[in-house]
Amino acid sequence: SERKVENVRLIDTVTSRRASVGTLYLTATHTIFVENETEILTETWVLHSLVFSVEKQASTTTGCPLLVRCKNFQVLQFVIPQERDCHDVHVSLLHLSRPEHYEELYCFSYNANSDREDRRKAWDFINLKAEYSRMGLPNHLWKLTPANHHYKVSDTYPADLYVPKSATPPVIMGSSKFRSRGRFPTLSYYYKENHAAICRSSQPLSGFSARCLEDEQMLEAIVRSNPRSDFMYVVDTRPKLNAMANRAAGKGYENEDNYSNIKFHFVGIENIHVMRNSLQKMLEVSEAHFPSMSYFLEGLESSGWLKHIKAVVDAGVFITKAIAEEGISVLVHCSDGWDRTAQVCSVASVLLDPYYRTLKGLMVLIERDWVSFGHKFSHRNNHLNGDPKEVSPVIDQFLECVWQLSEQFPCAFEYNERFLITIHHHVYSCQYGNFIGNNQKERTELGLQEKTHSLWTYLWKNRTDYINPLYRPDHSQTQGVLRPLTAPYCFKFWGALYNRFDRGIHPRQSVMEYLMAIREETQQLEEQLASHEMKILNVEKQQKKSVNLETNMFDRSPAVWASPPSNSSVGLANTPGDYSGLGGFLKSPYQQKEPENSLLILPWPQELRKPTDPDLSTNGDDQESGIAGLSCLSPPNEESAKDPDSDETAYSAA
Amino acid sequence: MEFSEHIKTANVEDVVLRRPFYQPTKGTLCVTGHHLIFSNRGGDSARPFLLLLRNIDAIEKSVENLPSVSSGTITLKCKDLCVLQLDIPGMEECLNIASSIESLSSLETVSEMYPFFYRPPFLSLQDQWGLSSTEQHYAQMKEIHDGWRVSQVNRDYSVSPSYPPAVIVPHSIDDETLVKAARFRQGGRFPVLCYYHRETGTVIMRSSQPLSGANRKRCREDELLLQAVIDGSELGYIIDTRSSQQAQQARMTGGGFESKSCYRGWKRLHRQLEKGKVLQESLIKLVEACGDQSHSVDRWLSKLENSKWLSHVQTALSTAGLVAECVERDGHSVLVHGSEGTDTSLLVSSLAQLILDPDSRTLAGFLGLLEREWVQAGHPFQQRCAHSAYSHVRLRHEAPVFVLLLDCVWQLARQFPLAMGFSEPLLLRLAKEVYASDYGTFLCNSDQERCVTGVKERTHCLFQSLLRANERQHYSNPLYERTELAIWPSIQPPSLQWTCAFSPIQWPFDMC
């Protein structure tokens, strides 16, 4: 089933100037481009499941261009010599990138022959029962309810749910009937310091006047399970207008008059359709070639993206204050309670609890608030050929919120930016089973834990790549609750994700890479030191009398000093760009020459470029890709570009 | 001292001080000739809060005078962008304090300013003022001794009032030629050397605009001087920091540009860099946008765009990149000038040096660069930094060119976090010092003025102070890893970051 097309050109979309020639292969799982005649084998691998769109453009004399956009924001432009081949590749790729059935997804074929038992065990690495008991549950206030076993109350909820001790089965049943998709109020996070809790649900089916006694009792039970408070907040994450519109459809929001002891709040996060369009607009801006500063900032503003990110963080901050400062429990919902609710609950958890700022903690959090509570990953992330209106970057926004926080608190997070980007990648890649399907019930039926691998164990095995070297859990500012600034200027554009493959715009040196290299070096030195100390000890035992003479021999080993970290990680891959604005008017011999010192500054970790893990591979030898991308600013203003020396000619003639 | 005339009420008790990130505190407020001093009443270990009156950019007061309550509130908006509030019991006290602050903070006599009174125990007036002189700088660059010499032609500041007494010029050009060339350049600022590139033997020069005027006057000596710069090579570049239209227009007022026919071998390129009023208004808009508290209406990015500040950063870095590229990649010498040659020329030439020269990227090297290219080169600090972004005083010569430089350097350091020997706190400190300082470094507009007012004898030098051991440690970049390579910045919009350094709340940056 493999297709192969030769003499294909891969255009560098950043500069539009350079192209590499090679062979394009379509396999069952990947598109692979192998460059011709390079000293190092340069391959570009793209997983079919990562393909967002394939666009065949009008043929030119040089061939037929094919534009492939990926869900991880990589953009590849191929030029295929023959129109017919291009058509074939286009059709095949469309077909391959939009599977109809879960069974066709890459995770079911990825490393399928590994030991079944090992694979099964790996899934136990993240255990939600352990997570609830870490929070201190069950206790005298909250209990585990069997109400949703076999998913009989809500097919989008997990089987195990925590509810207030006083919530009886009839109350749970009654409440669930009064909530969209049966998603009754249940516990998301319990703050054991003061017993306040974050609960979540879907919207009540209140319409204009409907009431439900059990639902009111359910909320009353939540208030009572926080002994030190006499009311709770109900946070509706939708804009008020949207919530009101829902009333006409027999849904809506809680009427403060009917529920004793609640304070109701709207926080105004937009819906999935607004978010999808916002991302598209932002990507148009970030993909623009050499935009002016004004175009970039105006485009970023009109996309509204950072405003939406701020809205989610603001909502998280509101809940954090209610829980940690006021000691008041909060019920969060939106419409169905699986998008905005998941975002807001999990952002609040990150702010409240340092645990979620550790590697394992973030995995647990995603597993709890997103995977188990039925965030519709397969719909939102477009895993199958489905309704494009269901697609939305909801978890992308959560990951970005975490990134924005980590920018403000660089020492408070155990994980680094690469961890977030890797999770983002695999939310879409379908390489691991974690995010396949839309809820726990579907996942169980698909047998994902038997048939696929877990991303979390893979990330954990490779955790050295994801550790933030600046992490200082003992620092006063990183402990306890985070109180971020939320002024608009505190939110930045996340170039490392949205321009992930456009290296030219990234910082040319990375503090993180540097510190990680130093740490590795230190570790090696310490190991050597330990082994040398062992030797000394042995020698001392053997030659008790001549210790003073002998020790000198051991600690001067030149090997210890042979490789300073700078050699491996602090090179400068850097050449000047087109500052002239005329596409290199300076025709110097230097420009044609490869920079001699062009060590790539920011390589991804080696393993990511190996074909063994091809989905993350990038243009392996793309050392210059970003470098030539220095933009022109204003229209060129060079005298020779206009009428050269018109006035001056006149002068010399005069 | 006559400061006492301005002080109507020297002390007020029970004043409440409010400032970002601190709990409001009650204490005693005291006005002196140069400072506001606020001391905490409880007398706990906290040091008194000291504010240089010179740092105050704008003052707003509101009073309440009822039979039951008589009180007032003074809001102080500082040049370092910090905003403080004082709640003062007693309307009359409040008005007195406000008027004292108003008159004392706007005193313009240089020799009465605080640096002339600042006598810290760790510095001595006998110390050398400044880090280096032109002669010392020249002496260190052995490789240029054949082609270049130090000229003392400006020893009495008669050739160019804004130049230092000594400058570096081509060996073959004698002082007499320089004097004549100076007459052909605005403010007498004839082309002088600011950077020599060892590998290619090419140089960066700077000057002011030639006074060719509407009649297209020529100056043989000026042409000779530039000819000597590119002696032996066929090409040099003139980077004019004005648009070609602006350069044309400048002829009407006696200025102009180097026409191709008169300056053989020199190729002129125009890159328009804003300065003066445009730049000052840009800063004002930026600070306004950052300080906007109406977080619900998120128009931040539009306001940021509208301020054009990042566009100025982008243009400055790209022009500096162009200069550096001419020198390092193309192997041709460059002359940079705009009109006066005291603002954008300095911005571009110093950024180009940071890109090219690893020596200028160390802590001492960077301060040395600022001393040569800004202090000695005659950037009119006193005029440019008289007021900052809050002042309601009508603009005259204010322009945050130096602050723009600091932002550009910050962008460079952000893209090359290991390449700079100094850290972000240094840039923030300099941004503060340039407006209000205990030191004399940024006083006056030129070397000549500093000599006349006795700045070098009677004040301390900031740069010297910053290089003391404990300060040096605070301002050094712990990750510094010297690289000999040029550091070429990306000037793509996503690579240029807005900072909260321009907001009244600068906490995340002060943390590091």
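Computed over heavy atoms, backbone and side chain alike; hydrogens, waters and symmetry mates excluded. So you know, we letter chains A, B, ... as the sequences are listed, proteins then strands, and number each from 1.
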Original post:
Is the closest side-chain heavy-atom distance between Leu310(B) and Phe296(A) below 4.5 Å?
Top reply: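 A side-chain contact under 4.5 Å is absent here.
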Subject >> Beyond-backbone contact of His506(A) with Pro494(B), side-chain heavy atoms, under 4.5 angstrom >> reply: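 A side-chain contact under 4.5 Å is absent here.
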**OP:** Inspect the surroundings of CZ in Arg198(B) and state if more than 12 heavy atoms from other residues, nucleotides or ligands are less than 6.0 Å away.
**Re:**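 No, CZ of Arg198(B) has 12 or fewer neighbouring heavy atoms, counting only those of other groups under 6.0 Å.
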Original post:
Just wondering, more than 12 heavy atoms not from Arg482(B) lying within 6.0 Å of its CZ?
Top reply: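 Result for CZ/Arg482(B): enclosed.
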Nearest-0.5 Å distance, [atom1] of residue [X] to [atom2] of residue [Y]:
| X | Y | atom1 | atom2 | value |
| --- | --- | --- | --- | --- |
| Gln492(B) | Asn499(A) | CD | CG | 8.0 Å |
| Leu297(A) | Ser307(B) | CG | OG | 8.5 Å |
| Leu301(B) | Leu300(A) | CG | CG | 5.0 Å |
| Leu304(B) | Met293(A) | CG | CE | 7.0 Å |
| Gln509(A) | Leu479(B) | CD | CG | 10.0 Å |

**OP:** Let me know if Phe491(A) has heavy atoms under 4.5 Å from chain B in its side chain, its backbone, both or neither.
**Re:**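 For Phe491(A), the backbone is the part near chain B, not the side chain.
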Original post:
If you take all heavy atoms of Ser495(B) and Ile505(A), which pair is closest and at what distance?
Top reply: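 The pair with the smallest heavy-atom distance is OG-O, 2.9 Å.
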Subject >> All side-chain contact (heavy atoms from CB on, under 4.5 Å) counterparts of His265(A), not counting sequence neighbours >> reply: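 Counting only residues at least two positions away or on another chain, His265(A) forms a side-chain contact (heavy atoms from CB on, under 4.5 Å) with Tyr233(A), Val235(A), Phe318(A).
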Original post:
How would you list, by chain and number, every residue that makes a side-chain contact (heavy atoms from CB on, under 4.5 Å) with Tyr263(B), sequence neighbours excluded?
Top reply: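 Only Phe184(B), Arg185(B), Asp222(B), Glu223(B), Leu226(B), Glu258(B), Trp266(B) meet the side-chain contact (heavy atoms from CB on, under 4.5 Å) criterion with Tyr263(B).
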Subject >> Derivation of the side chain to side chain contact (heavy atoms under 4.5 Å, CB included) call for Lys308(B) and Ser294(A) >> reply: CA-CA 8 Å; Lys308(B) 299 284 176 221; Ser294(A) 293; 2.9 Å; yes
**OP:** Check Trp498(B), Trp300(B), Trp309(B) against Tyr489(A) for a ring-ring contact (aromatic ring centres under 6.0 Å, His included) and give me the one that passes.
**Re:**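 For Tyr489(A), the ring-ring contact (aromatic ring centres under 6.0 Å, His included) test succeeds with only one of Trp498(B), Trp300(B), Trp309(B), which is Trp300(B).
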